[in-house]
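Input: a single structure, listed below in structure tokens.
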Number of protein chains: 2
Amino acid sequence: MARKLTFDYDQALDRATELFWRKGYAGTGIRDLLKEMEIGEGSFYHSLKSKRHLFLLCLARYDETVVAKRMRLMASAPDAGAGIRAFFTHMFDYLDDAKAPSKLCMIAATVEEEVLVDPELRQRAAKGLKDLEAQFASRLARDPQSPSARIEDGALAAILTTYVQGLWRMALVDYDRGRFEQQTEILLGSLGV
Amino acid sequence: MARKLTFDYDQALDRATELFWRKGYAGTGIRDLLKEMEIGEGSFYHSLKSKRHLFLLCLARYDETVVAKRMRLMASAPDAGAGIRAFFTHMFDYLDDAKAPSKLCMIAATVEEEVLVDPELRQRAAKGLKDLEAQFASRLARDPQSPSARIEDGALAAILTTYVQGLWRMALVDYDRGRFEQQTEILLGSLGV
DNA sequence: TCGCAATTGTAGCGAGCGCTACAGAATCGC
DNA sequence: GCGATTCTGTAGCGCTCGCTACAATTGCGA
């Protein structure tokens with residue numbers, strides 16, 4: 001019963017996600033977003049409400065695309081060992097991709113930043129880590145061969161999650177795929193995965 | 001040949017370090033620092049040059065105290081296994097300390113933040129991680145018993161460093177000492193440390 | 001005691017931040 | 001067409017940021 005949106009909402013969200021991913025929450029200003037999304041200040045506050053609201057939408061979008069694909073790869077592998085290795089391979093592929101927005105997982109990045117002051121964003125970031133750990137645990141649990149009978153699935157999932165978070169931080173400083181692959185394989189071997 | 005500083009330089013540096021540690025680089029404003037250090041704007045820019053310069057001084061101070069102590073604990077243990085466990089214990093003790101400025105390693109925190117845009121700060125943060133890895137490696141290397149003959153010292157040090165970085169991030173979201181101790185012991189056991 | 005040099009307090013610059021008020025433009029049912 | 005409603009562009013608010021210019025103050029050597 002009134003005027004229609006003159007811009008492509010989905011495309012605008014994609015572009016905003018890319019920008020947040022590349023420059024972080026605090027590092028991305030409203031004016032940067034407007035320029036990238038090619039919309040005006042009025043449209044922004046009318047249909048996206050606020051920077052925080054937009055960021056939450058973008059986190060969801062990141063989850064549905066990048067994270068979901070990684071999880072699907074892990075889940076569809078023949079066994080837990082292969083699934084977990086597929087997870088790391090996808091992660092390293094992404095880190096190798098020169099066109100990627102940044103050497104960083106958007107969820108992991110959100111854990112740090114002053115974002116932690118904001119309870120909603122903090123909770124959202126925490127959920128991302130919990131989800132990852134749960135995915136590891138369930139992948140290990142439903143493995144018919146139960147490859148690492150020595151170590152309880154929960155503990156193993158926690159170790160892997162912690163290690164993955166460390167990898168993101170290390171990659172930010174100095175990424176060397178060969179080294180990362182090698183040390184990861186040694187770790188997985190030691191853990192009996 | 002002229003006027004003397006009316007404030008305690010060392011004490012001011014300590015207070016600034018505490019504040020940066022607690023709120024991060026970007027999250028700490030000049031006015032916050034001035035209030036905490038109990039000095040004026042003029043004094044600040046005269047004797048501390050800039051926020052960036054002060055931050056580098058504070059990082060050095062943090063290194064000389066907190067990090068140095070952790071390293072000393074690791075180095076002075078009877079063997080590598082005990083040293084590495086002492087390292088983690090000191091880290092967990094710190095995370096348990098309610099009076100500590102934040103659940104965070106100041107060096108690790110500096111790896112993230114938009115700080116990475118600044119080459120000097122980035123390099124400084126990278127050095128912190130390299131140092132940690134080198135300490136792990138040398139501790140493992142000079143162990144008479146060479147406890148983990150299975151795995152090369154360098155790879156082991158890299159895995160531990162990565163894991164420690166992950167721990168810092170996990171602790172930021174949800175810290176549970178019992179869980180962390182347990183999963184860390186399982187990891188060390190698996191690695192033969 | 002005087003002059004020089006170092007330290008200090010004040011006031012404000014220029015820029016960016018997220019956000020809002022508001023008027024004009026577009027699109028619907030009628 | 002008309003009115004109601006929704007979208008858009010502009011202008012600017014109040015605030016904070018890191019930093020600087022500059023004059024006043026202090027303490028030293030001569």
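Labels below follow one simple rule: chain letters A, B, ... track the order of the sequence lines, proteins then strands, and each chain is numbered from 1.
Side-chain proximity of B:Lys51 to D:dT8, D:dC19, D:dT26: nearest is D:dC19. When distances are taken from the side chain of B:Tyr45 to each of D:dT20, C:dG18, D:dT6, the shortest belongs to D:dT20.
C:dA15 atom P lies 16 Å from atom CG of A:Asp32, rounded to whole Å. The nearest whole Å value for the distance from the CG atom in A:Leu48 to the C1' atom in C:dG18 is 14 Å. C:dA5 atom P lies 19 Å from atom CG of B:Leu5, rounded to whole Å. Spacing between atom CG of A:Leu34 and atom C1' of C:dG18 amounts to 11 Å, rounded to whole angstrom units. With rounding to whole Å, A:His46 atom NE2 is found 14 Å from C:dA25 atom C1'. Atom CZ in A:Arg52 sits roughly 19 Å away from atom P in C:dC17 (whole-Å rounding). Spacing between atom NZ of B:Lys35 and atom P of D:dG18 amounts to 14 Å, rounded to whole angstrom units.
The backbone N or O of B:Ala75 lies less than 3.5 Å from a partner atom in the side chain of B:Arg142, making a donor-acceptor pair.
In terms of position along DNA chain D, the nucleotide closest to B:Gly29 lies nearer the 5' end than the nucleotide closest to the other residue of the pair B:Gly29 and B:Lys4.
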Write down the protein N/O and nucleotide N/O pairs, taken from nucleotides 9-11 of chain D, whose separation is under 3.5 Å; answer none if there are no such pairs.
from  : atom 1 : to      : atom 2 : distance (Å)
D:dG9 : N7     : A:Gly42 : N      : 3.4

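Ring geometry for B:Phe92 versus B:Tyr175: interplanar angle of 30 to 60°, hence tilted.
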